Structure formats: structure tokens, C-alpha cells
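Keep in mind the model is a prediction, meaning the values are calculated, not measured. In what follows, every heavy atom counts, from backbone to side chain, and hydrogens, waters and symmetry copies are set aside. Below, chains carry the letters A, B, ... as their sequence lines are ordered, and counting in each starts from 1.
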Number of protein chains: 2
Amino acid sequence: MKPPSRPYHHGNLRQELLRAAEAALEARGVQDLSLRELSRELGVSHASPQRHFATKQDLIDALAIMGFERLSSVVGKAAEARGQDFKARLTKAANAYVGFALKHPALFALMFEAKRRPGMRPELRTALMAAFSHVPKILQEGQEAGKIVAGDPHSLALTLGAALHGLVAMSIEGKIRGTSLKAVVPKTVQHVLTGLNTNKT
Amino acid sequence: MKPPSRPYHHGNLRQELLRAAEAALEARGVQDLSLRELSRELGVSHASPQRHFATKQDLIDALAIMGFERLSSVVGKAAEARGQDFKARLTKAANAYVGFALKHPALFALMFEAKRRPGMRPELRTALMAAFSHVPKILQEGQEAGKIVAGDPHSLALTLGAALHGLVAMSIEGKIRGTSLKAVVPKTVQHVLTGLNTNKT
DNA sequence: ACCTGAACACCGTTCAAGT
DNA sequence: ACCTGAACACCGTTCAAGT
């Protein structure tokens, strides 16, 4: 019956705030994110987030960082796929990317909004770069195996990135209902590879 | 010296609000759009916008509608280009699209955010459909001339739309600094046309 | 170190009232 | 028809104070 011995509060308020914020984000959108509302939901005072996130923007940045870390993990795993050939790994990575975006559309939008904003925080920059390091790495291996044109792998990856980004944008709006994404993603990869002068299939 | 005979105020407050809102949007972002601030700037009471825009979201929707109308006008003009061949017109339309997005990045983002939101207002839907009617029309003419595969022109246009959308996203972030957009857009058009099985150049 | 409670300056929205 | 002024319920942020 002793009051559940948290001295003032549960100690991991930071994590709880992030969790609650993500839920609220996907449920009601960034516009309606409210620190006071989150505080109410967690049963703490409205000033308590301040220690963990100096400003509302800091909470949002933290969500973006978390998102990029998850994206990196999910794409990285897909990209590893030992024993698979070049194109199969690229396709898996692309599927993982698109899958993440469709599963967390609001978080994904927030991440790219953060990406767009100038004056990025270092942690954000790091998380972002990690997430976008996998595809260039695969492309580089493709180059070394002579399966693809030479050139900066990062630039090449941008071409694929642009195509996938557009695909995601369209399908989030439900425009690609007819043909399933599972079918469209490999086509897009093949498509871009053709554009990159693949000289072997 | 008579007080400048506007009975209460200038009569076209609606237009002024839209104009001021667009400026504030590009200068400070959607997040920081404030009806009260706009009212102050125009020298009216903070309650006066209500007659013209029942809610802040209505102002934002009106901005989106205005944006799609302008986009439609600019792409439509590029797409007409009498006497030009199929691919040239497509390229011009693509350039106009990308040019608009880069010239008004915040408005463009707002437009696509509005596009994403469910329960679109009819005027928004109309403006949006008009803006996206030009490319399918060109593609259809390409089909009739036998220069491109059969299929729903709207679906085909989505492929081009996705590619351009991705391109815009990347270049707004300044990622395509190396190669100029002017060079990349025609390549993308050619690229997609190849994907659409162009059988004649 | 972490949280509270009161305070401050801002919002969007509503509404009776003025012209 | 269009605008005002006061009021209401909400914000984010700050800060002294509590544990």
C-alpha cells in the first residue's frame, strides 16, 4: 500500500514522453502535438518535460532521430542479407524503406521535414547519415563487381532515393491501390538500375 | 484629409490575408502561421479573419487551392507549347513543375500536405485535379501517336509524377547541387519514357 | 537530478455589439 | 455584409521552490 515508491516520478519520463509523442503523432498529426497534453496523459506536471526536452522542437527532433535510427536498423538488416546477389539486396533494402514509410507515415513525414530544416543538430545529422549509408554501400559493391556504372555511390543512391521517395509519396495518398507496392518496388529498382547502365543482369 | 473612406476596412481583406499568409508561410513556415499576427500586420482586429476563413485550417486550405491553381496554370502553359513534339512538351511541363516547387517550397509542401489529408474540400479536389490533368493529356496524345505503351494515362503519369516528386524533394534539400536541375529533369523524363516502353525516339 | 505550481505572453475561436 | 472588443479555453516557456 505504500505509494509506488517513485521518489517524485517514474524516472524514465524521457522514454515515456517519446513513446506517447509517437502515438499522438500518428493518431492526430504533428500540428496537434501538445506537451501539456502528453504531460496530462502521463500524469506529470506540464513543466516536467523541460528537463528532458528544453523545447517542443527538441522533442520533435528526438522523434526524428529515433525514426532515422529505426529506419537505419531496418534497412541495414535488409541490405545485409548474406549470400544474396546485388540486385536482390538492393530490392530488399528498397522494400524495407518503403515498408517503414508506409507503416509510420506521420513519423516518416516528420523525419523528412527535419531533414529539410537548416541547422540540423549533430545527433540528427549522424542518425540521418547512418540511415542513408546502406544503399550507397550496396551500390559500391555493385560497382566493384562491375555490375554498374562508375561514379559517386552517394549520387547514384540519390537517383534510387528520389524514385523511392516519390513512390512512397504516391502510395501514402493511396494512389497506387491498383498495383500492389510489392510489385512496383522491384520494377522501380530494375528501372533505376537500367538508368544506371547496368551491363549485366 | 478625410479618413480614407473605407467604411470599416479595405473590403478585400480576404485577398490581403492570403497574400500576407503566403509571405509569412515562405518566411517562417506553416508552424508559425498566426491569424492574430496576420491581423496585426494588416491593422485589423484579430477576430476579423473569421468572416473570410471560418477556421485557420480554412486559410491553409485556401492557400493550397491557390497554389494548385497557379501550378496548373504554369504547367498547362508549358504543356501546350504548340508545334512542339511529344517529348519536348513533356519535358517543358516537367521543368515547369519542378520550377514551381523550387520557387515556392513552403507552399508546395503545404499543397502536398493538404493532398495527403483525408476529407478534402471539393474546391481543393477540383484545383488539384486540374493541376494534374496536363501530363496525362500529353501522355494520351503520345499513345494516340503510337509513341508510348497503352494503359491508363493517369497511371502512367503517376510514374512520372513520382520521379519528379522525388527529384524535387532531393533538390529542395540542396542535394543535387553538383548537376543542375535543368540537366537532370530531361534525363528523368527520358528515363521514365524508356520505362514506359517508348518505341520511337 | 528531477519534478511542481504559479505566472507570463501568446494562441484560435466564439459572440454580442457596433457600422 | 463586415468588423470590433471582450471573453474563454488552450498553448509553450520560465522560474522559484520543493524532494
- Query: Dot-bracket for DNA chain D, 5' to 3', with Watson-Crick and G-U pairs under 3.5 Å, [ ] for crossing pairs and | for other-strand pairs: what is it?
  - Reply: ||.|||||...|||||.||
What residues form a side-chain contact (heavy atoms from CB on, under 4.5 Å) with [X], not counting sequence neighbours?
X: Ser72(B); answer: Ala130(B), Ala131(B), His134(B)
X: Ala163(A); answer: Thr188(A), Val192(A)
X: Met129(A); answer: Arg125(A)
X: Ser45(B); answer: Ala47(B), Ser48(B)

- Message: For a 4.5 angstrom cut-off between non-hydrogen side-chain atoms, does Pro105(A) reach Glu26(A)?
- Response: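 Yes, at least one pair of side-chain atoms sits under 4.5 Å.
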- How about Val30(B) and Glu113(B): do any of their side-chain heavy atoms sit closer than 4.5 Å? no
- Note on the structure: To the nearest angstrom, the NE2-P distance between His46(A) and dA9(D) comes to 17 Å
- Query: Which whole-number value in Å describes the distance from Glu37(B) CD to dC11(D) P?
  - Reply: 21 Å
- Side chain of Gln50(A) - closest among dT13(D), dC10(D), dT4(C):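 Looking only at heavy atoms from C-beta outward on Gln50(A), the closest nucleotide is dT13(D).
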- Query: Quick one: which of dC10(C), dT4(D), dT4(C) gets closest to the side chain of Ser45(A)?
  - Reply: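 For the Ser45(A) side chain, the nearest candidate turns out to be dT4(C).
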If you look only at distance, which donor and acceptor atoms sit under 3.5 Å apart when one is on a side chain in residues 60-67 of chain A and the other is two or more places apart or in another chain?
residue: Asp61(A); atom: OD1; partner: Gln57(A); partner atom: NE2; Å: 3.2
residue: Asp61(A); atom: OD1; partner: Arg117(A); partner atom: NH2; Å: 2.9

- Message: Heavy atoms within less than 4.0 Å of DNA chain D: which residues of residues 51-61 of chain A have one? Give them sorted by number.
- Response: Thr55(A), Lys56(A)
- Message: With ring-ring contact (aromatic ring centres under 6.0 Å, His included) as the rule and sequence neighbours excluded, what pairs involving residues 49-85 of chain A come up?
- Response: none
- Of all pairs that satisfy ring-ring contact (aromatic ring centres under 6.0 Å, His included), the ones with a partner from residues 91-113 of chain B, not counting sequence neighbours: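 Output for this query lists Tyr97(B)-Phe108(B), Phe100(B)-His104(B), Phe108(B)-Phe112(B), Phe112(B)-His165(B).
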Let me check something: any side-chain donor-acceptor pairs from residues 35-42 of chain A under 3.5 Å, sequence neighbours excluded? List them with distances.
residue: Arg36(A); atom: NH2; partner: His46(A); partner atom: NE2; Å: 3.4
residue: Glu37(A); atom: OE2; partner: Arg28(A); partner atom: NH2; Å: 2.9
residue: Ser39(A); atom: OG; partner: Leu35(A); partner atom: O; Å: 2.9

- Message: With the threshold set at under 4.0 Å for non-hydrogen atoms, list the residues of residues 18-36 of chain B touching DNA chain C in residue-number order.
- Response: Leu33(B), Ser34(B), Leu35(B), Arg36(B)
- Summary of salt bridge (charged side-chain N to carboxylate O under 4.0 Å, His left out) pairs that have at least one residue in residues 127-142 of chain A, sequence neighbours excluded: Arg89(A)-Glu141(A)
- Query: Is the distance from OP1 or OP2 of dC11(D) to the nearest side-chain N or O of Arg40(A) less than 4.0 Å?
  - Reply: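 Checking dC11(D) against Arg40(A), a side-chain N or O does come within under 4.0 Å of OP1 or OP2.
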